[in-house]
Structures are given as C-alpha cells and as structure tokens.
Amino acid sequence: MATRIECIFFSEFHPTLGPKITYQVPEEYISRELFDTVQVYIITKPELQNKLITVTAMDKKLIGCPVCIEHKKYSRNALLFNLGFVCDAHTNTCALEPIVKKLSGYLTTLELESGFISNEESKQKLLPIMSTLLEDLNATGACTLPIAVYKLQPTSHLTGSGCCSSLTIQGHICNTRNDSNTIHLKLIQLRRDPPIVQEYDVPVFAECKDLYIKSQWDLTTQQILPYIDGFRHIQKISAEADVELNLVRIAVQNLLYYGVVTLVSIFQYSNVYCTTPKVQSLIDDKSIQEECLGYVTKQGQKRASLRDVFQLYCGLSPGTTMRDLCSRYSQQLQRVDERRLIQFGLMKCLIRRLQKYPVKVARDERSRLPRLYTGSHSYDEICCKTGISYQELDERLENDPNIVICWK
Amino acid sequence: MLNPLVGSPDDSRSMYRQSQNNFYKSGDKTSPISVILVSSGSRGNKLLFRYPFQRVDECPSSLSAKQRNPYALNVTGDVLEDQDGDSRFSDIILATILATKSDMCGKKFELKIDNVRFVGHPTLLQHSPIIQVSKTDPSPKREMPTMILFNVVFALRANADPSVICCMHNLSRRIAIALQHEERRCQYLTREAKLMLAVQDEITTMTETDGGPQSPFRQILPKCKLARDLKEAYDSLCTTGVMRLHINSWLEVSFCLPHKIHRIGGNYIPPEALERSLKAIRPYHALLLLESDKALLSELPLDCSPAMVRLIKTCSAVKNLQQLAQDADLALLQIFQIAAHLVYWGKAIIIYPLCENNVYMLSPHANISLYSPLAEQFAQQFSGHDLPSMLAKFSLPVSLAEFRNPLEAPAQEAQLIQMVVWMLQHRLLIQLHTYVCLLVPPSEDEPGLRDEELPLAARVGGRSLSTPSALSFGSPTSSDDMTLTSPSIENSSAELVPGGDSPLNKRMTETQLTSLSEHERQVILNIPAAQNPEDLRMFARLLHYFRGHHHLEEIMYNENMRRSQLKTLFDKFRSVLVVTNHEDPIISIFQSPMD
C-alpha cells in the first residue's frame with residue numbers, strides 16, 4: 001500500500017508569536033483550526049522532545065519529531081522546531097517514521113554546525129527542500145537531497161576593520177562553501193515477521209531466480225543460492241554448500257522476509273498430502289491456472305490440461321501416498337512433472353502435507369520420559385535430528401505397541 | 001529452560017501449565033500497557049488515575065536535572081524504557097497530552113509517541129443548569145461542577161493490530177458513555193475526581209515532608225470505586241479479555257476482546273474473519289456450546305433476554321439452527337443473531353450437526369503433545385482413555401458410523417459421541433465435506449479452444465443460493481434425514497416437477513444446459529447415464545452446484561435429496577465430475593486461524 005504524503009510542514013516556536021507554521025508545502029493545507037488543536041503535540045514540552053509523535057485529528061494524521069536546541073544565543077534561550085508530514089487519517093504511516101526521525105536529526109546537525117535554521121536566509125532554503133521531498137517521496141518512495149551549507153570561517157583577509165569572522169563576498173577567497181551534505185531518504189515498508197526456519201524445511205524460489213541480482217545479497221546468501229532448488233532441505237544445503245546450519249537458517253529466513261523464497265516440505269514418494277479449500281481457486285482464478293499449468297508441465301511437452309492437473313490434486317487425500325497417486329493417475333501424469341506439481345500446490349497452499357507424529361502413550365515406570373515421541377515432533381524432524389532414515393524409523397515405530405501415530 | 005526429564009510426569013505437566021500462565025501475563029501485543037484517566041476543567045488538565053502505578057524511582061525532578069546540561073546526550077528516552085518497550089511518562093505530561101481540546105471530543109483519539117500508542121474517546125460533559133444560588137448564601141447546596149471534559153485512555157504497544165486498537169477505542173467509548181450518564185444523573189465523576197485529586201494532594205504534601213516519593217494512586221484504590229473499576233478493566237484485558245464493570249455499582253459495561261478469546265495455539269482469529277464467517281452461516285449449521293449449559297446460564301446477567309435462555313436450554317450438537325428455531329419457538333433470524341452473539345463472546349462455535357455420516361479428521365493445528373494441558377483434562381473427564389490414542393484414530397478421515405460396534409454396549413457409543421463433542425469443543429477435529437466440480441475432458445480436435453474456455457465455475461457466476469428450500473416434512477428415520485426436515489422459506493430450483501418425460505421438463509433441462517459450451521453439452525449427452533431422462537434432468541438441475549463451492553450436505557439440504565441419490569448421480573457422471581474432500585472454509589475458521 002502506497003503511503004501518500006499530503007503535506008510537509010515546518011513549524012517552530014516564534015519568540016513573540018508562539019508556535020506557528022513557518023512553511024508548508026502545499027500552501028494553506030493545514031488550517032488554523034487544525035494547528036490549534038494539535039500544536040501541543042508539535043511544539044511540545046521538554047519531556048516529549050526527540051520522540052516520534054503521531055497524532056490523528058480532523059481526519060488527518062500528523063507525524064513529527066520535535067527538536068529543542070538550548071543555547072544562550074537564541075531568544076528565549078532555546079530553539080524549538082519540528083519538520084513533519086501530514087497524511088490522511090487512514091494511512092499506515094509506519095514507513096514514514098524513520099524518515100521523519102532522520103530529517104529531524106539532520107536539521108539538528110545542520111543547525112548545530114552552521115545555524116542553518118536560526119539564520120533567516122538559509123532557512124528559506126527549506127521551502128524548495130520540502131517541495132522536492134514531497135514530490136520524490138510520493139513518486140518513487142525515495143529522495144536524495146544535497147544541501148549546500150555556508151559555513152562561517154575566519155578569513156585572513158581583514159578589510160582593515162579588524163573584525164575576525166566575516167563572510168565577505170569577494171572573488172575566489174570568501175565563498176567557504178564546504179561539501180554539500182547529502183541526505184538519502186527511503187520509504188521502507190515493514191513486512192510481517194517471518195517464521196522460524198527449521199532444518200527440515202525446503203526453500204523454493206517464489207519467482208524466477210534470474211530476477212534477483214546475486215551481488216545485492218550478502219556473502220552467505222550468495223554461497224547458498226545455487227543450492228536452493230525446491231528439493232534440498234536446509235540441512236542438505238548446509239552440508240553441500242559448506243555453510244554452518246544456523247547461518248543457512250538465518251539467511252533463508254531473511255529471504256523469506258523479502259518474499260524471495262517460500263518454504264515447502266521435503267519430497268518423498270511416501271509422502272501423504274491432502275487438499276485445502278483453496279484448491280478451488282485453480283478453477284476460479286484464471287491467473288493461478290495459467291501459472292500452474294506453466295509450472296507443472298513437463299519440459300518439452302504440450303501444455304497439460306486443467307482437468308488432468310485438477311484431478312491429480314483432488315486425487316491427493318489422506319491415506320494416499322505419492323507412489324499410489326503415480327500409479328493410479330499415470331495417464332494424467334504423462335505431461336505433468338509430479339514433483340513440480342507438489343511444489344506448486346504447497347507454495348500456493350492448494351494442498352498441505354500430512355506429517356506423522358509418534359506419541360508414546362504407555363511406558364514402564366523405570367524408563368525415561370519420551371524425548372522425541374511426544375507428539376510435538378514429526379517424522380521429518382526426527383529423521384533430520386537423529387540421522388536415521390524414514391523407512392528405518394517407520395519400521396521401528398510401527399511395531400512398537402506403546403506408540404501411536406497421529407497424522408495431521 | 002524446562003527440562004522434561006526432571007521428576008515425574010506430573011511435574012513436567014505442571015511446568016508446561018506454568019509457562020502457559022506466564023504467557024497471559026507477559027507483554028503481548030493484545031494487552032494494554034496501562035489505563036489512564038484524565039480530565040480538563042477550570043482547574044486545568046489533571047491526571048486523575050493511572051494503573052499500573054508509575055515506578056517509584058522515576059520522579060520527574062531527575063528528568064529536568066538531566067536536560068539542563070547542554071553537552072549531555074539526550075538519553076532520557078532510554079532511561080524510561082523498560083523491557084517491554086514502554087516509556088513511562090510523567091503524570092504532568094500525560095495530563096497535557098491526553099486531556100485534549102474540546103474540538104477533539106466525541107471522536108476517536110489516537111496518539112502515538114515512539115513505541116506507545118494511546119487510544120481513547122474524549123468526552124465533553126454537559127452540565128445541567130445550576131440551581132440558582134442566592135448571592136447572600138455563602139454555602140451553595142450543590143458544588144459548581146468544574147470538569148469540562150474527560151478521557152479514558154488505554155496505552156498500547158505501538159505495533160498492536162489495528163483491530164485491537166479499534167476494540168480498545170470501543171471500550172473507552174463505552175466507559176465514557178456510562179460515566180457521562182452517571183455524571184448527568186448524580187455528578188458521579190466529579191465526586192470521584194475530587195476524591196482522587198484530594199488523595200494526590202495529600203500524598204504530595206506528605207512526600208515533601210517525609211522525603212521519598214510515593215505513588216498516590218496506590219492510596220486512591222481503596223477509596224475510589226472508579227479507580228477499582230479501571231484497575232479491573234486493565235487486569236481483565238491482560239488476562240481473560242472479558243470484563244463486566246458496574247460503574248457506580250449501577251450501570252453495567254461489558255466488553256470482550258475477541259483477540260484474547262478466540263485463540264488457537266499462538267494465533268488469534270481476527271475479528272473481521274470471525275464476522276465474515278458469522279455472516280455466512282446457514283440454517284443447516286449447528287451451534288455447539290463450549291461450556292455446559294448450566295455453567296453458561298449461571299454466567300448470564302439477571303436481566304438477560306429470555307430468548308437467549310431458551311436457546312441455550314434447547315440447543316444441542318445434533319440439532320441444526322432451523323430445528324433449534326422450531327424447538328425454541330423463535331424466528332430463524334433471531335436464532336442467527338443470538339448464535340452470532342454467543343460465538344463472538346467465545347461461548348459457542350458453529351459446526352455441522354453431528355450425525356453418523358460426518359467424517360472427521362485431526363485438525364492441522366491440534367495440539368497432540370503428550371504433555372499438553374488438554375491431555376490432562378481429557379484423562380480427567382474420560383477415565384481410562386488417553387487423548388493421543390483417541391486422536392490417532394482420527395489420523396485418517398473416519399466417519400462416526402465406523403466406530404459403531406453392534407457388540408458394544410450403547411453406553412460406549414454415547415461416550416464416544418461425548419468424546420467427539422469434547423474434541424470439537426477444544427478445536428482438535430475438523431470435518432471433511434465432499435465438493436464436486438464439473439470439468440469436461442477437453443476435445444482432441446480443437447486444441448485452440450481448450451485454452452480459452454473457462455470452466456463452468458467461472459462462467460456460472462453470482463447465483464445466490466442463500467435461501468433454503470425443502471418441501472417434505474418427513475420424519476427422521478436415519479440421522480441423515482435430520483438435515484432434510486426443514487420448512488421451505490422460498491422455492492428455488494426444487495420446484496414441484498411433474499414426473500415423466502413431459503415437454504415442460506425437456507425444455508427446462510435444455511435451458512439449464514445452455515450455460516454449457518457446445519462441446520461440454522455434447523460430452524455430457526454422450527454419457528450412457530444421460531440417456532436416462534430422470535438422471536439427466538437431475539444432473540441439469542444441480543448443475544450450478546458443481547463449481548466446487550457447495551458441499552454434499554448443502555446440496556442435500558437445499559434440494560431435499562438423500563445422500564445415496566447424490567452419490568449415485570456423481571458416480572454415473574464421474575467422467576465429467578471431479579470430486580474432492582476438504583473442510584468447509586466458512587466454519588473451518590473456528591478450528592484453525594486464518595493464515
């Protein structure tokens with residue numbers, strides 16, 4: 001959702017007039033009434049300074065960060081100002097907060113270094129800066145502002161009057177313009193926290209992997225990227241890419257946060273899946289249809305038909321393994337790659353995997369409490385953690401009268 | 001960390017229980033940080049009460065000392081933050097920012113400062129005309145009210161969900177309405193405010209003489225009913241999410257926070273999803289109470305509606321809402337409303353009525369751990385059975401009929417039903433329904449068309465099937481028939497069709513088949529079963545259900561048909577139909593939160 005800034009304002013405490021809006025872009029956006037209502041949150045008491053304050057009033061949301069710089073040179077011994085944004089009351093403004101904070105920091109620095117704000121002349125530069133900000137942030141969500149600063153410096157060319165620091169405007173000497181300070185601002189949308197990545201999860205690219213420029217990612221991610229193929233699980237990637245397990249988990253979690261990958265489960269022909277209500281979207285939604293048929297068709301074959309694919313998905317049910325499906329629907333599978341079929345189904349939540357959970361229900365008084373057979377650990381997890389194979393685990397547990405298996 | 005190897009199983013279970021209790025008390029995004037009452041009047045802005053009390057070691061005087069040093073970094077923000085990310089503000093600043101100007105009154109008030117969000121509903125107090133006091137009378141009989149407006153504010157974590165913020169605002173508004181009413185009636189708020197300010201003044205003078213700051217709010221609690229009410233509100237919001245306050249021991253303000261009530265595992269059901277579900281319930285659904293009816297009745301206030309009492313007494317897991325309406329002698333609409341109300345308050349959920357053909361399976365979100373508190377509860381309720389073994393029986397979808405053992409005593413069967421009800425109440429099971437979709441095999445000689453052709457589901461759009469219809473009033477012989485006995489409200493497609501091969505029927509069948517493409521019609525008509533006009537007519541009549549959104553039971557209910565009839569039809573036309581089983585998305589929300 002785009003965060004649209006309706007207005008940027010610069011407010012300060014005038015020594016005689018009190019709190020007022022010095023500049024606002026576009027003009028006259030904030031009414032007198034609105035400012036009166038909210039001024040206590042814009043030019044604030046000392047306790048609230050340097051805090052990000054967002055107040056909602058009269059259908060508008062104002063975000064600002066009040067600054068107070070105390071110094072004897074200011075009338076009233078302090079300079080109070082606040083550069084803020086105004087949005088519609090229903091906008092989600094979380095993405096703007098870091099920008100407002102950054103701007104208040106920059107203005108504070110500029111003021112401390114060169115009196116940017118207290119000097120009436122330089123203060124006027126704020127107006128074009130604010131216009132640029134408003135335009136760029138609304139258009140692209142990013143803005144780069146070079147701010148030229150005139151710094152007071154003592155010159156050795158005294159013009160006989162004996163005064164020390166003066167900014168004279170003569171030829172090549174005086175203009176002691178130092179390097180522009182450039183401010184870089186960007187709207188960053190917050191995303192939901194990603195889930196924890198387990199060693200038995202399998203990452204798969206949500207979109208074509210060529211879309212991503214490898215060099216933009218950190219070194220760890222770059223090292224594991226070639227091993228992400230939608231079939232290798234985290235433990236395997238860690239072993240093959242020679243990267244420590246927890247690092248792989250964190251890197252994949254990062255990719256998950258940005259929506260580059262999604263997680264599916266390990267593929268085996270003994271897996272059992274079942275449909276979710278979302279499977280009907282394959283029928284209702286043409287775009288998912290297209291995507292699916294493109295994804296699951298075997299390489300070099302004519303496009304699979306919707307009916308075949310839908311029948312395959314609907315053929316997945318509790319009690320049916322992949323092996324069973326393949327033998328039952330061999331005709332439908334002529335043009336369909338079953339591994340990619342499952343991948344797509346899991347990615348789009350058309351199907352879900354049924355995992356096996358062993359629970360030890362009866363035990364002798366003397367034996368230890370079950371550690372892994374508690375109903376909280378699936379076969380996938382147990383196999384990964386202990387290193388035994390699925391078949392071996394199955395053999396061990398199926399014949400144990402004290403253990404029941406739950407599928408969910 | 002909890003070590004399950006220590007001690008006996010009882011120990012480990014109680015340790016897990018403890019961690020669950022802690023979860024409720026520790027900071028989470030749905031609990032408020034504090035509750036604050038401020039007022040504004042002729043004596044300026046005052047903070048009347050706040051709870052939890054401000055920490056004693058932070059007095060405002062230390063704050064100002066830090067700020068006067070111009071070279072020190074301004075780290076006052078860090079000093080005040082505790083681990084929960086809550087900055088404690090001083091009383092004075094809260095009074096300034098929360099007691100708003102009068103033009104902000106009567107609307108939602110929302111203010112965010114760093115990582116704390118304040119939400120409230122500032123309310124203007126309108127004063128009744130003052131009794132004229134003669135100028136010579138030194139002591140007026142009634143005090144001049146000095147309060148102009150007040151605000152009950154909840155401080156939340158800034159990253160709280162918008163729906164949580166909405167709910168808190170709602171609560172603030174309700175308390176404000178009650179207070180405004182009591183103020184108008186007997187100046188309740190003014191009196192309480194006076195008490196609170198008097199205690200605050202007392203404590204401040206004591207502090208100055210004794211030294212060592214104390215919290216005045218602690219002393220206010222025993223003296224002020226309003227303070228105790230606000231504390232109770234805060235405590236309830238942090239734990240159960242349900243509260244019933246009695247403002248001035250007179251006006252009841254009841255409130256529930258859906259995010260606390262409708263929790264499954266670590267997730268909650270968002271209120272919007274809940275509401276969407278409730279709007280979609282149908283007369284063939286049933287209401288399942290989550291507590292025994294006696295327990296529920298005892299919780300209701302004395303002046304509750306008799307309709308609700310009747311509903312609670314007559315409702316049962318095997319009765320659908322339509323039957324409930326008949327038995328409780330209430331209109332169906334009223335039943336819907338009361339049912340929705342009970343669901344919202346977390347006292348009931350919507351299920352499909354229990355019958356032997358229902359197919360159940362373990363819910364993907366069920367907690368099947370050996371050490372879960374549910375396992376313990378189950379063992380207590382049904383001695384001799386343990387939950388994991390019972391749950392294992394539902395690993396594969398199983399219908400209740402399969403449990404029926406003619407050699408077992410009927411008491412066993414009754415217990416089984418009870419166990420299934422218990423598992424449904426605790427969100428352990430989901431019910432699977434059969435959904436059917438029409439997908440005709442593509443023609444071989446027209447490959448081009450295949451891609452452009454939209455399946456039937458996408459073409460037959462928007463036909464409303466919200467009205468039940470059934471004509472027969474047959475007596476229930478098998479549990480299946482229970483879903484069929486429903487008086488008709490409106491006739492939809494199940495019109496009284498004359499039998500035989502009349503031209504009327506033929507024409508109707510033809511019209512119903514026109515929504516199909518030419519190719520589809522050809523394929524269907526070529527099926528051997530289509531040669532039988534009865535079957536073809538039935539197929540055509542039910543065509544609009546075959547888009548994967550109506551399950552078998554719904555078709556049975558709407559069209560007054562038996563399960564066996566439908567199953568036979570599906571079998572006959574299986575070459576063009578694709579059948580799958582999954583949970584009903586409308587009511588599955590009660591077993592699994594939305595992702």
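Proteins come first, then strands; the chains are lettered A, B, ... in the order of their sequence lines, and each starts at number 1. In this text, all values refer to a predicted model and were calculated from it rather than measured experimentally.
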Working for side-chain contact (heavy atoms from CB on, under 4.5 Å), residues L439(B) and I283(A): CA-CA 9 Å; L439(B) 264 183; I283(A) 305 293; 3.9 Å; yes
Side chain / backbone / both / neither for I53(A) at chain B, heavy atoms under 4.5 Å: both
Flag if over 12 foreign heavy atoms under 6.0 Å of CG, D193(A): no
Option in A158(B), S395(B), P388(B) with maximal non-hydrogen atom pairs under 4.5 Å from chain A: S395(B)
Choice from R117(B), K112(B), M104(B) maximising heavy atom contacts with chain A below 4.5 Å: K112(B)
Donor-acceptor contact below 3.5 Å, side chain Q280(A) vs main chain H549(B): no
K61(A) with E110(B): basic N within carboxylate O range, under 4.0 Å: no
Approximate separation, where rounding is to 0.5 Å, of C437(B) SG and D284(A) CG: 8.0 Å
Proximal component of Q355(A), with respect to chain B [non-hydrogen, under 4.5 Å]: neither
Structural part of S317(A) lying under 4.5 Å from a heavy atom of chain B: neither
Toward chain A, the part of D386(B) with a non-hydrogen atom under 4.5 Å: side chain
K356(A) atom NZ, over 12 foreign heavy atoms within 6.0 Å: yes
Distance (rounded to the nearest 0.5 Å) between T56(A) OG1 and K108(B) NZ: 7.5 Å
Under 4.5 Å from any heavy atom of chain A - which part of K101(B): side chain
Heavy-atom pairs under 4.5 Å with chain B, option from E97(A), H377(A), H71(A) with the top count: E97(A)
Contacting moiety of V576(B), where chain A heavy atoms sit under 4.5 Å: backbone
Side-chain donor-acceptor pair present, T580(B), T275(A), cut-off under 3.5 Å: yes
Whether Y357(A) side chain and I368(B) backbone form a donor-acceptor pair below 3.5 Å: no
Portion of C68(A) that has a non-hydrogen atom of chain B nearer than 4.5 angstrom: neither
Value rounded to 0.5 Å, distance of NE2 in H582(B) from CG in L350(A): 11.0 Å
D114(B) side-chain N/O to L52(A) backbone N/O, donor-acceptor pair under 3.5 Å: yes
Flag, side chain of K408(A) to backbone of A366(B), donor-acceptor distance under 3.5 Å: yes
Side chain T54(A), main chain I113(B), donor-acceptor under 3.5 Å: no
Per-residue contact mode, V279(A) against chain B (heavy atom under 4.5 angstrom): side chain
OG on S376(A) to CG on L370(B), rounded to 0.5 Å: 8.5 Å
Check: K45(A) side chain, I93(B) main-chain N or O, donor-acceptor pair, under 3.5 Å: no
Which portion of D308(A) sits near chain B, non-hydrogen atoms under 4.5 angstrom: neither
Exceeds 12 heavy-atom contacts within 6.0 angstrom, atom CD of E33(A): no
Nearest-0.5 Å distance that lies between atom SG in C406(A) and atom NZ in K393(B): 11.0 Å
Between OH on residue Y41(A) and CD1 on residue I97(B), distance to nearest 0.5 Å: 6.5 Å
Pairwise side-chain contact, W407(A) with L396(B), heavy-atom cut-off 4.5 Å (strictly under): no
Contact origin within V55(A) toward chain B - heavy atom pairs under 4.5 Å: both
Atom NZ of K73(A) with >12 non-hydrogen neighbours under 6.0 angstrom: yes
Contact leader toward chain A among D584(B), N367(B), T96(B), V440(B), where contacts are heavy-atom pairs under 4.5 Å: V440(B)
